[in-house]
Number of protein chains: 2
Amino acid sequence: MSEFTDIASGELPLGMLLNTIGRLVFEETHRRLSGMEVDVIGLGILWLVDSAPGQLQSEYARFQKRDQTTFGRYVDKLEGKALLVRTPVPDDRRARTLELTSKGREFLTEGKRRAHAAEAAIVGPPSPDLMQVRRFLTERLNSDMLR
Amino acid sequence: MSEFTDIASGELPLGMLLNTIGRLVFEETHRRLSGMEVDVIGLGILWLVDSAPGQLQSEYARFQKRDQTTFGRYVDKLEGKALLVRTPVPDDRRARTLELTSKGREFLTEGKRRAHAAEAAIVGPPSPDLMQVRRFLTERLNSDMLR
DNA sequence: TATTGTTATACTCTATAACTATA
DNA sequence: TATAGTTATAGAGTATAACAATA
């Protein structure tokens, strides 16, 4: 495999890098969440809702740059596991806000712990470099340039 | 959406960051490669094969941390578009090596250009920060710790 | 007319299992 | 027994289209 060493230090397409490393982190996290029946995406939704509870489902979907349908399907699953609840909005009878259940908050605590362990297994322990990567990606996610 | 601003500067799960940004880059690249019917992954394979031609198909799959079946299916597609060729190995009649066609090399040149434009649309123009992110991810991909 | 959300549907990515051929 | 590769199949992620209810 040493034939590839030089290649990898070149300019790999960022899309491929994110895809590959992302897939590895995803799989590792999934393995470590086994028995909990929630994957990285479900965990990310719980985390998001917990951090800013009571927003509209569509607001969360928009923030995650995710299609409403796709997002709704995840919410179905999480609601089915009683990790969060949909609450009707009195002012707007189309809308639902989201909120974690106490079971959901418990799950989130343990889930985050396991997710961080999984990350460390793939990208190494917390470090200034890793923090910078995280910061860069977070800033881009927050950018209004996207969608 | 400003309700989320503070959240995003917190510690989002890396898996989710990679997944979300990766998906956006993937989709944008796909859009810009449209008409060429090759996505980021196909492009990554062409790039890899071009950089170290004549290796076994299985070697490339291993380097990309990708299942043989999945990798093989991409090779099918690329071969179907005459962008690369499989060549039997005289010494080992089970094995095939991969190599780009001249059409494949032409495609790669243009494809890389478009992929970089797509990346810039999502994560911004080349910058020291972006380079560092790329370097970090590349190093992790190269790490023997994985798989 | 536009928005919130769901249902039905289809497509793609990915891997597992089983297999052939070969080493 | 192990490896290179393919075929068949299934599961999960994702989005589009069509729709209902509401604003």
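The shown structure was predicted, so the numbers you read here are calculated from the model rather than taken from an experiment.
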Colleague: Does some side-chain heavy atom of A:N19 sit less than 4.5 Å from a side-chain heavy atom of B:V40?
Modeller: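 No. Closest side-chain heavy atoms not under 4.5 Å.
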Colleague: If we only count heavy atoms from C-beta on, is the A:E119 to A:E28 side-chain gap below 4.5 Å?
Modeller: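 With C-beta onward as the side chain, the pair stays apart.
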Colleague: With nearest nucleotide decided by heavy atoms, which residue, B:K77 or B:R93, maps closer to the 5′ end of DNA chain C?
Modeller: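 The residue mapped nearer the 5' terminus is B:K77.
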Colleague: If you round to the nearest 0.5 Å, how far is CZ of B:F26 from CE of A:M16?
Modeller: 12.0 Å
Colleague: Would you mind reading off the distance between B:D39 atom CG and C:dT12 atom P, rounded to a whole angstrom?
Modeller: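 Taking atom P of C:dT12 as the reference, CG of B:D39 is at 10 Å.
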Colleague: Heavy atoms under 4.0 Å, any strand shown: does B:F71 hit a base, just sugar-phosphate, or nothing?
Modeller: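 Answer is nothing: B:F71 stays at 4.0 Å or more from every strand.
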Colleague: Rounded to the nearest angstrom, tell me the gap between atom CG in B:D76 and atom P in D:dA8.
Modeller: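 Result: 12 Å.
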Colleague: Side chain of A:T69 only, please: which of D:dA17, C:dT14, D:dT7 is the nearest?
Modeller: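 Among D:dA17, C:dT14, D:dT7, the one nearest the side chain of A:T69 is D:dA17.
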Colleague: Take the protein atom CG of A:D67 and the nucleotide atom P of C:dT12, then report the distance between them rounded to whole Å.
Modeller: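 To the nearest whole Å, that distance equals 17 Å.
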Colleague: For the pair A:T20 and B:Q64, evaluate side chain to side chain contact (heavy atoms under 4.5 Å, CB included) and give the outcome as yes or no after the intermediate values.
Modeller: CA-CA 7 Å; A:T20 305; B:Q64 287 207 349; 5.7 Å; no
Colleague: Write down the distance between CD (A:Q55) and C1' (C:dG5), rounded to a whole number of angstrom.
Modeller: 17 Å
Colleague: Both A:I41 and A:D92 contact DNA chain D. Which one's nearest nucleotide lies toward the 5' end?
Modeller: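 Its nearest nucleotide being more 5', the pick is A:I41.
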Colleague: Tell me, do A:E110 and A:E106 make a side-chain contact under 4.5 Å, heavy atoms counted?
Modeller: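 Of all side-chain heavy-atom pairs linking A:E106 with A:E110, none is under 4.5 Å.
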Colleague: Ignoring the backbone of B:R96, work out which of D:dG5, D:dT14, C:dA17 is nearest its side chain.
Modeller: D:dG5
Colleague: Rounded to whole Å, how long is the line connecting atom CG of B:N19 with atom P of C:dC13?
Modeller: 15 Å
Colleague: From CE of A:M16 over to P of C:dC13, roughly how many Å is that when rounded to an integer?
Modeller: 15 Å
Colleague: 5'-most contact on DNA chain C: B:Y74 or A:R94, nearest heavy atom basis?
Modeller: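 Final value for this comparison: A:R94.
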Colleague: What is the separation between atom CD on A:Q68 and atom P on C:dT6, rounded to the nearest whole Å?
Modeller: 8 Å
Colleague: Measuring to OP1 and OP2 of D:dA15, would you say a side-chain N or O of A:T70 lies under 4.0 angstrom away?
Modeller: yes
Colleague: Would you classify A:S58 as touching base, sugar-phosphate or nothing, given that sugar-phosphate means primed atoms plus P, OP1 and OP2, and contacts are heavy atoms under 4.0 Å?
Modeller: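 Sugar-phosphate contact only - A:S58 comes under 4.0 Å of backbone atoms but never of a base.
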Colleague: From the set D:dA17, D:dG5, D:dT14, return the single nucleotide nearest to any side-chain atom of B:L56.
Modeller: D:dG5
Colleague: DNA chain D: A:R73 or B:R86, which has the more 5' nearest nucleotide?
Modeller: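 Mapping each residue to its closest nucleotide by heavy atoms, the 5'-most match is B:R86.
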